[in-house]
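Accompanying notes for the structure given below.
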Amino acid sequence: MKQYAFRRLLQTIPLLFITSILLFTLINLAPGGPTAGGGQSRRMSPEKAEALRRQYGLDQPLPIRYLVWLVGNDWMKIDADGDGVAAESGIRRGVLRGDFGVSYQTRRPVLDEIVERLPNTLYLMAATLLVVALVAIPVGVISAIKQYSRFDIAVTTFSFMGQAIPEFWLGLILIIVFYGVLRNPVTGEPLLPAGGMYTVGTDFSVLDRLKHLVLPVTMGMVGWIAWYSRFLRSSMLDVIHKEYIQVARAKGAGLRRVYFKHALKNAAIPLVTILALDLPYIFAGSVYVELLFSWPGMGRLFYQAALRRDYPLLMAILVIVSALVMLFNLLADLVYGSLDPRVRYEREA
Amino acid sequence: MNQKPLARIVEGIISLLILFAFSACQPSRPQPVNEAGGTPVQEPNAEAPAPAEADDRIVIVIPEDPTAFNGIVSDTGYNQMVMELTLLSLAEIDPQGNVYPELASELPTMENGGVVVDDESEGMVVTWKLRQDVTWADGEPLTADDVIFTWEAIMDPEGGIWAEGADYTEKLEKVDDFTFRVHYHALYPGYLTQFGGENFAVFAAHYCDASEGFVNWNCNLNPLSSGPYVLDEWVNGDHLTFVRNPKYYEPGKPAIETIVIKIVPEKSVEKTMLLGGDADLIMWATEEAITEFEGKDQVAVSLSPTSRWVMRLFPNMAQRGSIDPKGSPHPSLSDREVRRAIRAAIDVNTIIQEIWHGYPKAVSTEFFRPPYVCDIPIPEFDPDQARTILENAGWVDTDQDGIRECNGCVSGTAGEQLALELTIYSEYGNELELTQQLIAEMLNEVGFKVELSMIEGGVMWGDAAGGGTEQNGDFDLDLWDDGYPGIDPTDYLRYLYYSESAEPDNGWNVMRWENPEFDSLLEQAYTLDENKRKELFCQMADILATELPIIPLFSVVNADAHSTRLQGVQSSINDLVTWNAADWTLVK
């Protein structure tokens, strides 16, 4: 197993490298660019655009730009003052030395921007995933045990609805109902806030935080609960009808022991892998939820960077998320291998 | 054997989730201001304020963070908005279009000797005198050194960027602490707002780190204030908090203690918050929003007395994909008669009433607002006239399918259909989409075949190398809103209509229009003789109205919506709505 893991890790490195080249090329070749204007003057004056292009390093050909992104330009001479002579040293050290560059928009180091937003996204997505796990697992299990009961049919219907409902529409409805229409019976203020992580200007309060979490988590979890509970239900159904469950029942094991000790543990193995594959998502964030509920997270950061063609920020987020996806993929495989003794990655001699 | 690992893994994942869930807990005090480097946090004069009373605090909602306290580095509009709250400039423009002094003690003119023209060298010298009672928030006086410092930082080839007036300015010369001279090597009519207006503000020489460069320095994210407010806190992506500047030079102002700017990306949520009382001001309310707010007691809308943005059609006079209007002219749009027919076929009044709720006004020329108003009659809506014009121009519907073909037309091949692609940009919103569809219908009525398309603004206005469709000539007819800022249209006209500006990445004459008469009139307009300028502009207006290189349609409204408890808000096309934030008050 260790050899397998090590081999996979080694394979990740060239894969990440190739991915970064592909991403870099795609981003830079897409039409539009950071000097496209769109502000008050709609279009950018040519002099300004030229100055910006030089500052962003966009006057270089694409392979050179990639090289600078990777290893920096402090070892080569660039034309920093636009006089046509490449006489000054660059200041970038490159990704391999930990320098992901500065954002085109705010001129702050890209990693600073990401580090600021990442906890907020983790906070929201972790809370969502927690609620999803707490709801989807029991629901899926009971649904399978009491197949075709009223509970099961109700849950199935809600699952399909949940997966079919457009997330964005649901979020808007939640805001209209809980912020626009319903009022807090005590204070007369809106029942739940329309967005944000906390009420600005007040001290920290758990209740305040929870109130701000309710709607975004509700919007994000509906689709997920539907998906996980259906998945667990079908996985459980698979396992329940296996022979070893019948044997356990025949040997006199109680229902609870059979379902939770024998059946669920086996049914949950694929679910754990699915969960592991979904984990990079909690770093990347949900753009819809963050846009609608003004949540200052990674999803919105990426979306706005994409609109403005903020290449360094885009590359950083994409590369980090790619690395996480590869890592969690590997983790999922390893976990699966350790849980299910029938799966072996090494060649038996 | 199977139980322990599974249980452990599940426990591990759940505890990881709980750990993440608490990772974003904020401490009870607001953080000190975010900054890029390790520069000292500027202390507000009061201690970090206790949560401000609701009656002394207003909330402004905007869809995205400003990128800097600097309108020159990036003119998103939000940048200028926060810049107006915290920084001052030499002269500003009021909503009516009059320039008034802010940091200057008086405006330099030829009459008071502030402007001296050198007839020999064709240059000029402008002398600015500053107020002597303005200080920065840390008590240091604001002097001519600060203005010169700011300009030189902008002009620095490595760390600076281009600003308006840069091409005409030779150097700045300090005379004394409160006086300085600007030497120009050519006549620059826009000199009054060069160190002011919407985008320019004076930065502090003793605080801003010039070694970082104008585009990167600490002041872009945490400026030293000279204006009515001081930045107290900036939680990126969430909100900015401003408190009043006790050292502000106007006594008794500002009246409002705290301004919170919240980032709310969704327009519908912004509107709901304004109606619900959680927001006090929304920037750039659309005609649709204004109609929604009608009749609501808690919301008022401030309209600008004049307009800037004119919705207009940009025809490509070169064949699509080419930039040479003479070598490969556009089969239909290169003919002036076709452009006239297009204008005659469009019922601007219906569009204004049905889609834009009656707020816009039909516009026929660039010179429709003070100080340069030229009397160009609004073209009439006359589809029959349009059909006649097209017939005479050689576009005849020979096969009776409703679409005209070239039959003796000037530049097309015989039998070619009168087909166009009408393109808009996606960021505007619903009204523009509906307008595009209605215009297409109207053009169809008179025999055009119109295809609709919508692209990102960044793709439409990108540079040639970046695939910008307009610079590359990769379009037929674009529909979007444009208009010159401030009171001086000369440079705007040059970018848009001058023949040399037709070269890709050299200007914005994407219509590829060449008119030597217009060129020479424009060159003469670089004079300080206002009467002469008015005359020249109206002559240019005549040419534009006859040749129709751009087809202006109507001007859109410029408005800001605010809660009724916030008084003093005045929308302006010459600046962002916070231009007079020092004068705002709250009614209890």
Side-chain angles (χ1 to χ4, degrees), chain A residues 31-33 35-43 45-49 51-52 55 80-83 105-108 113 116-117 119-120 122-123 126-127 129-130 172 175 179-180 190 194-198 200-204 265 268 272 275 282 291-292 294 296 300-301 304 309 335 338-339, chain B residues 2-3 5-6 9 13 17-18 20-21 23-28 36 51-52 64 67-68 74-77 80 157-158 161-162 198 215-216 220 235-239 241 260 262-266 268-269 272-273 276 278 456-459 461-463 466-468 482 485 495 505-508:
Chain A
T35 58
Q40 289 284 80
S41 39
R42 296 288 183 266
R43 302 184 278 198
S45 70
E47 298 90 343
K48 200 162 168 184
L52 282 178
Q55 283 166 3
D81 53 10
D83 58 1
Q105 290 297 316
T106 60
R107 313 295 180 128
R108 297 170 67 214
E113 302 248 357
E116 252 175 18
R117 306 288 192 109
N120 303 333
L122 288 177
Y123 169 51
L129 206 51
L130 208 62
L172 280 172
I175 292 185
Y179 174 80
M197 282 173 55
Y198 54 88
V200 175
T202 60
D203 292 325
F204 178 80
K265 289 203 157 70
V272 167
L275 197 64
I282 77 170
L291 274 183
L292 201 49
S294 323
R300 230 174 77 198
L301 185 66
Q304 280 167 343
R309 311 288 198 275
V335 161
S338 80
L339 288 181
Chain B
N2 281 350
Q3 305 153 16
L6 175 57
I9 286 162
I13 291 184
L17 288 180
I18 296 184
F20 287 157
S23 66
C25 282
Q26 302 286 335
S28 52
E64 53 189 69
T67 64
S74 176
D75 67 345
T76 60
Q80 289 94 321
E158 250 188 77
I161 200 170
W162 184 86
E198 200 178 50
V215 296
N216 289 326
N220 284 346
V235 176
N236 237 291
D238 200 60
H239 67 276
T241 313
V260 173
K262 268 208 191 144
I263 316 296
V264 177
E266 255 311 293
S268 39
V269 180
T272 316
M273 283 174 77
D278 271 334
E456 256 184 278
V459 175
W461 304 316
D463 46 17
D482 200 0
Y495 281 135
D505 287 345
N506 199 30
W508 289 101

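Worth knowing before you read on, the calculation uses all heavy atoms, side chains too, and leaves out hydrogens, waters and symmetry mates. Here is how names work: the chains are called A, B, and so on, in the same order as the sequence lines, proteins then strands, and each is numbered from 1.
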Checklist line | Closest non-hydrogen atom pair between W508(B) and R43(A), with its separation | finding: CE3-CD, 3.2 Å
Checklist line | V260(B) versus chain A, the contacting section by heavy-atom distance below 4.5 Å | finding: side chain
Note to self: Restricting to non-hydrogen atoms, name the atom on R42(A) and the atom on W461(B) that form the minimum distance, rounded to 0.1 Å.
What the structure shows: O-CE3, 3.4 Å
Checklist line | Proximity breakdown for L291(A) and chain B, heavy-atom pairs closer than 4.5 Å | finding: both
Next item on the list: Using non-hydrogen atoms and a 4.5 Å limit, figure out which bit of L301(A) sits close to chain B: side chain, backbone, both or neither.
Entry: neither
Check: Relative to chain B, which segment of R300(A) carries a heavy atom at a distance below 4.5 Å: side chain, backbone, both, or neither?
Finding: side chain
Checklist line | A36(A) to G458(B) - nearest heavy-atom pair and separation | finding: CB-O, 3.2 Å
Next item on the list: Name the region of S268(B), side chain, backbone, both or neither, that has any atom closer than 4.5 Å to a heavy atom of chain A.
Entry: side chain
Item checked: Top contributor to chain B interface from A49(A), G33(A), S45(A), G196(A) [non-hydrogen pairs under 4.5 Å] -> S45(A)
Checklist line | Closest non-hydrogen atom pair, G467(B) against P31(A) | finding: O-CB, 4.4 Å
Check: Taking N220(B), T76(B), V269(B) one by one, which has the highest count of heavy-atom pairs under 4.5 Å against chain A?
Finding: V269(B)
Next item on the list: Could you tell me which portion of A51(A) (side chain, backbone, both or neither) has an atom closer than 4.5 angstrom to a non-hydrogen atom of chain B?
Entry: side chain
Next item on the list: Tell me, for Q304(A) versus chain B, whether the close heavy atoms (under 4.5 Å) come from the side chain, the backbone, both or neither.
Entry: side chain
Next item on the list: Check step by step if side chain to side chain contact (heavy atoms under 4.5 Å, CB included) holds for I175(A) and M273(B).
Entry: CA-CA 10 Å; I175(A) 292 185; M273(B) 283 174 77; over 6 Å; no
Next item on the list: Counting only heavy atoms closer than 4.5 Å, note whether A194(A) contacts chain B via side chain, backbone, both or neither.
Entry: both
Note to self: Let's go through Q40(A) and E198(B) carefully: what are the C-alpha distance in whole Å and the side-chain angles of both, what is the deciding distance for side-chain hydrogen bond (donor to acceptor under 3.5 Å, both in side chains) to 0.1 Å, and is it a yes or a no?
What the structure shows: CA-CA 10 Å; Q40(A) 289 284 80; E198(B) 200 178 50; 3.1 Å; yes
Item checked: Residue pair Q105(A) / S74(B): nearest heavy atoms and the distance that separates them -> OE1-OG, 4.3 Å
Note to self: Heavy-atom pairs under 4.5 Å with chain A - which of N506(B), D463(B), D505(B) has more of them than the others?
What the structure shows: D463(B)
Check: Do W162(B) and P46(A) come within less than 4.5 Å of each other through their side chains, counting heavy atoms only?
Finding: no
Next item on the list: Please test R108(A) against N236(B) for side chain to side chain contact (heavy atoms under 4.5 Å, CB included), starting from the C-alpha separation and ending with a verdict.
Entry: CA-CA 12 Å; R108(A) 297 170 67 214; N236(B) 237 291; 2.9 Å; yes
Next item on the list: Give, as side chain, backbone, both or neither, the part of E64(B) having an atom under 4.5 angstrom from any heavy atom of chain A.
Entry: both
Note to self: What verdict does the side chain to side chain contact (heavy atoms under 4.5 Å, CB included) test give for M197(A) and V235(B), after you've listed the backbone C-alpha separation in whole Å, the side-chain angles of each residue and the deciding distance to 0.1 Å?
What the structure shows: CA-CA 11 Å; M197(A) 282 173 55; V235(B) 176; over 6 Å; no
